[in-house]
Amino acid sequence: MKNKIQSVRGTREFYPQQMLTRRWLYKHMEEVSTSFGYEEYDGPFIEKIDLYAAKTGEELVKEQSFVFTDRGGELVTLRPELTLSLARMVAARQNELVFPLRWWSFGPFWRYEKPQKGRTREFFQWNIDLIGSDSAEADAELVAICACFLKKMDITPEQIAIKVNHRKLMEEQLVKINIQKEYLKAVFHVIDRYDKLPTDSWKALCQERGLATEQVDQLWRLINNHELWKESPYLTSVFEILKVMGVSAYVKYDARIIRGLDYYTGMVFEAWDVGGDGRAVLGGGHYDNLVADVGGSPLPGVGFAMGDVMFTVLLEKYGKIPKINQFENALLVTVFNQDTTLASADMAARLRDEDLKVVTFPSVEKLQKQFKYADRMGIRFVLVLGPDEIKDRLVTIKDLKHHTQVSIPQKDAASTIKRLLAAQ
RNA sequence: GUGGCUGUAGCUCAAUGGCAGAGCAUCGCACUGUGGAUGCGAGGGUUGUGGGUUCGACCCCCAUCAGCCACCCCA
């Protein structure tokens with residue numbers, strides 16, 4: 001390990017076992033996405049910085065992106081998110097695409113943040129969006145997809161819950177307590193801080209930000225009002241739809257959900273780890289203007305994004321990551337000695353022709369060592385082709401799982417193994 | 001970007017400023033045609049890195065890198 005060059009801070013290394021987990025996660029996202037009729041797409045991994053400058057909030061670009069100048073002197077960045085690339089792609093082919101369109105993606109993103117548990121500088125993110133509809137049905141669908149995914153991962157509503165709110169509802173309510181339009185952003189920010197501070201400190205913070213004592217109390221009542229959604233016919237309708245879809249158990253109204261990204265204009269939602277000290281694992285919402293903002297005609301959309309890092313942390317916490325053995329149906333063809341290597345290679349090739357997963361041992365070693373290798377790798381069958389077998393055109397097959405062994409004619413090897421596999 | 005804690009064998013961790021260790025793992029042998037078990041043995045370290053203090057530094061000081069935690073922010 002001397003003179004080892006370290007990996008770049010915050011980047012990920014996927015050893016085979018973790019790669020299996022990533023693929024397993026991907027498979028479930030794909031299944032849920034496609035079951036609702038979503039199509040897979042992807043955007044560039046590098047974008048011009050201008051794409052994000054306007055709409056995602058300044059911090060995301062200024063502080064949290066991997067920005068550099070390319071050889072042509074252009075300021076570019078490793079993509080910190082996908083929604084704006086999506087909006088541009090849609091705007092570019094707005095007249096040929098069929099709406100409403102439903103697209104999903106899973107790929108790498110980069111943010112220049114301080115790494116800690118559940119947060120790295122390089123991460124994978126599931127993005128899923130429905131564009132071209134303004135209805136409560138569309139918004140409800142995305143929440144339902146989120147719930148279906150959690151259910152599929154065997155996560156219960158007691159473990160992760162989806163909290164829903166609506167920005168316009170909040171704006172209306174804030175206007176009612178005489179908060180001026182210009183202050184909305186600042187107030188949204190203090191609402192966001194509510195969970196992190198004791199009530200007294202939070203109230204002090206509100207006053208610091210210019211709220212009158214009376215307004216602070218009104219705001220406190222507002223964000224602790226779990227019935228507030230009843231003031232919104234829109235949210236009422238969303239919850240009704242979710243009930244019919246059978247996913248209500250995962251969904252809660254929460255007036256404290258606002259979300260940081262500036263482009264959300266309607267319903268917003270986040271999935272939270274209920275058991276933990278509260279961290280969002282997924283977030284999304286409705287946006288009215290995104291496509292227009294990148295040069296298209298106005299088109300509304302709704303979508304969410306989920307990072308793999310925090311979600312994997314939670315899956316581990318709840319013991320939901322299966323131990324996958326990719327060699328459970330594989331076989332190892334051993335080599336007995338130098339004279340039998342060709343016979344083993346020949347046997348291995350013929351078994352692969354029969355669509356079996358066949359590993360060979362690449363050098364002549366003691367059988368003990370080769371058996372141990374199979375055991376450590378989780379390979380189920382070990383084949384021995386020694387002088388005795390070759391003389392009688394036999395092959396010995398040991399089933400490491402059931403600790404049984406047979407010697408059979410070589411021509412029956414594939415069918416015998418297939419029979420054992422079918423019998424489990 | 002700010003503050004705090006931690007870096008010793010592949011892993012988990014010991015070691016008053018005075019000889020760098022244990023368990024697990026690895027490798028070898030017992031076992032010359034058979035994995036998991038047992039026994040015996042072996043290898044493995046510039047104590048994250050670079051300076052400083054000291055007769056002497058894993059230990060104290062400074063810097064730096066990395067991990068974790070709390071902010072900030074967010075997925």
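Remember, predicted model here, so these are calculated numbers, not experimental data.
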Asker: Tell me whether A:Arg256 forms a cation-pi arrangement with A:Tyr194, defined as NZ or CZ under 6.0 Å from the six-membered ring centre and within 45 degrees of its axis.
Answerer: no

Asker: When you compare B:A9 with B:U46, how far apart are their C1' atoms, in angstrom units rounded to a whole number?
Answerer: 14 Å

Asker: Touch check for A:Thr120, heavy atoms < 4.0 angstrom, all strands: base, sugar-phosphate only, or nothing?
Answerer: base

Asker: For the P atoms, the ones on B:C19 and on B:G36, what distance do you get once it is rounded to whole angstrom?
Answerer: 40 Å

Asker: Test of understanding: with salt bridge (Lys or Arg N to Asp or Glu O under 4.0 Å), list the residues that count as partners of A:Lys168, not counting sequence neighbours.
Answerer: A:Asp288

Asker: Base, sugar-phosphate or nothing for A:Gly378? Non-hydrogen atoms, less than 4.0 Å.
Answerer: nothing

Asker: Rounding to an integer number of Å, can you tell me how far A:Leu383 CG sits from B:G35 P?
Answerer: 16 Å

Asker: Between B:A75 and A:Arg119, counting only base atoms on the nucleotide and side-chain atoms on the residue, is there a donor-acceptor pair under 3.5 Å?
Answerer: no

Asker: Would you please confirm or rule out a distance under 4.0 Å between OP1 or OP2 of B:G67 and any side-chain N or O of A:Arg9?
Answerer: yes

Asker: Rounded off to whole Å, could you give me the CG-to-P distance for the A:Leu400 and B:A37 pair?
Answerer: 13 Å

Asker: Taking the nucleotide of RNA chain B with the nearest heavy atom to each, does A:Leu282 or A:Val8 sit closer to the 5' end?
Answerer: A:Val8

Asker: Take the protein atom CD of A:Glu13 and the nucleotide atom P of B:G67, then report the distance between them rounded to whole Å.
Answerer: 11 Å

Asker: Look at the side chain of A:Arg193 and the base of B:C72, then say whether one donor and one acceptor between them are separated by less than 3.5 Å.
Answerer: no

Asker: If the C1' atom of B:G7 is compared with that of B:G50, how far apart are they to the nearest Å?
Answerer: 15 Å

Asker: At 4.0 Å (heavy atoms only), tell me whether A:Lys114 reaches a base, stays on the sugar-phosphate, or touches nothing.
Answerer: base

Asker: Starting at the 5' end of nucleotides 29-34 of chain B, put B wherever the base has a protein heavy atom under 4.0 Å, S where only the sugar-phosphate does, and a dash everywhere else.
Answerer: S-B-BB

Asker: Are the side chains of A:Ile155 and A:Leu315 in contact, using a 4.5 Å heavy-atom criterion?
Answerer: yes

Asker: Output yes when at least one side-chain N/O atom of A:Lys369 is less than 4.0 Å from OP1 or OP2 of B:G28, else no.
Answerer: yes

Asker: In dot-bracket notation, what is the pairing pattern of RNA chain B, taking Watson-Crick (N1-N3 plus N6-O4 or O6-N4) and G-U wobble (N1-O2 and O6-N3) contacts under 3.5 Å, with [ ] crossing and | for other strands?
Answerer: (((((((..((((....[..)))).(((((.......))))).....(((((..]....))))))))))))....

Asker: In chain order, what residues pass the salt bridge (Lys or Arg N to Asp or Glu O under 4.0 Å) check against A:Arg352, with sequence neighbours excluded?
Answerer: none

Asker: A:Glu365 has an atom CD; how far is it from atom P of B:G35, in whole Å?
Answerer: 15 Å

Asker: Tell me the closest heavy-atom pair linking A:Tyr38 and A:Asp129, and the distance in Å.
Answerer: CE2-O, 3.3 Å

Asker: Considering only the C1' atoms, how many Å lie between B:U47 and B:C13, rounded to the nearest integer?
Answerer: 13 Å

Asker: Which part of the nucleic acid does A:Val281 contact within heavy-atom distance under 4.0 Å: base, sugar-phosphate only, or nothing?
Answerer: sugar-phosphate

Asker: Check salt bridge (Lys or Arg N to Asp or Glu O under 4.0 Å) between A:Lys203 and all other residues, then give those that pass, not counting sequence neighbours.
Answerer: A:Asp217

Asker: In sequence, state the C-alpha distance, the side-chain angles, and the governing distance for A:Gln207 and A:Thr213, and then conclude on side-chain hydrogen bond (donor to acceptor under 3.5 Å, both in side chains).
Answerer: CA-CA 7 Å; A:Gln207 291 185 325; A:Thr213 315; 3.1 Å; yes

Asker: Salt bridge (Lys or Arg N to Asp or Glu O under 4.0 Å) with A:Arg12: which residues, sequence neighbours excluded?
Answerer: A:Asp308

Asker: Compare every heavy atom of A:Lys114 with every heavy atom of A:Arg119, then report the nearest pair and how far apart it is.
Answerer: CD-O, 3.7 Å

Asker: Strictly below 4.0 Å, N to O, side chains only: are A:Asp42 and A:Arg79 in salt-bridge contact?
Answerer: yes

Asker: When the C1' atoms of B:G23 and B:C31 are considered, how many whole Å apart are they?
Answerer: 26 Å

Asker: Between B:A20 and B:C59, how far apart are the C1' atoms? Round to whole Å, please.
Answerer: 12 Å

Asker: Could you tell me the separation between the NE2 atom of A:His403 and the P atom of B:A37, rounded to a whole number of Å?
Answerer: 12 Å

Asker: What is the distance from CD of A:Gln116 to C1' of B:C69, rounded to the nearest Å?
Answerer: 7 Å

Asker: Look at A:His189 and B:C73 and indicate whether a side-chain polar atom (N or O) is within less than 4.0 Å of OP1 or OP2.
Answerer: yes

Asker: Should the pair A:Arg380 and A:Phe327 be classed as cation-pi, given the thresholds of under 6.0 Å to the six-membered ring centre and 45° from the axis?
Answerer: no

Asker: Taking atom P in both B:C5 and B:C60, compute the distance separating them and give it to the nearest angstrom.
Answerer: 13 Å

Asker: Roughly how far apart, to the nearest Å, are B:G48 and B:A42 at atom C1'?
Answerer: 28 Å

Asker: What is the distance from CD of A:Glu122 to P of B:C74, rounded to the nearest Å?
Answerer: 22 Å

Asker: Distance check needed: B:C74 C1' versus A:Tyr52 OH, whole Å only.
Answerer: 16 Å

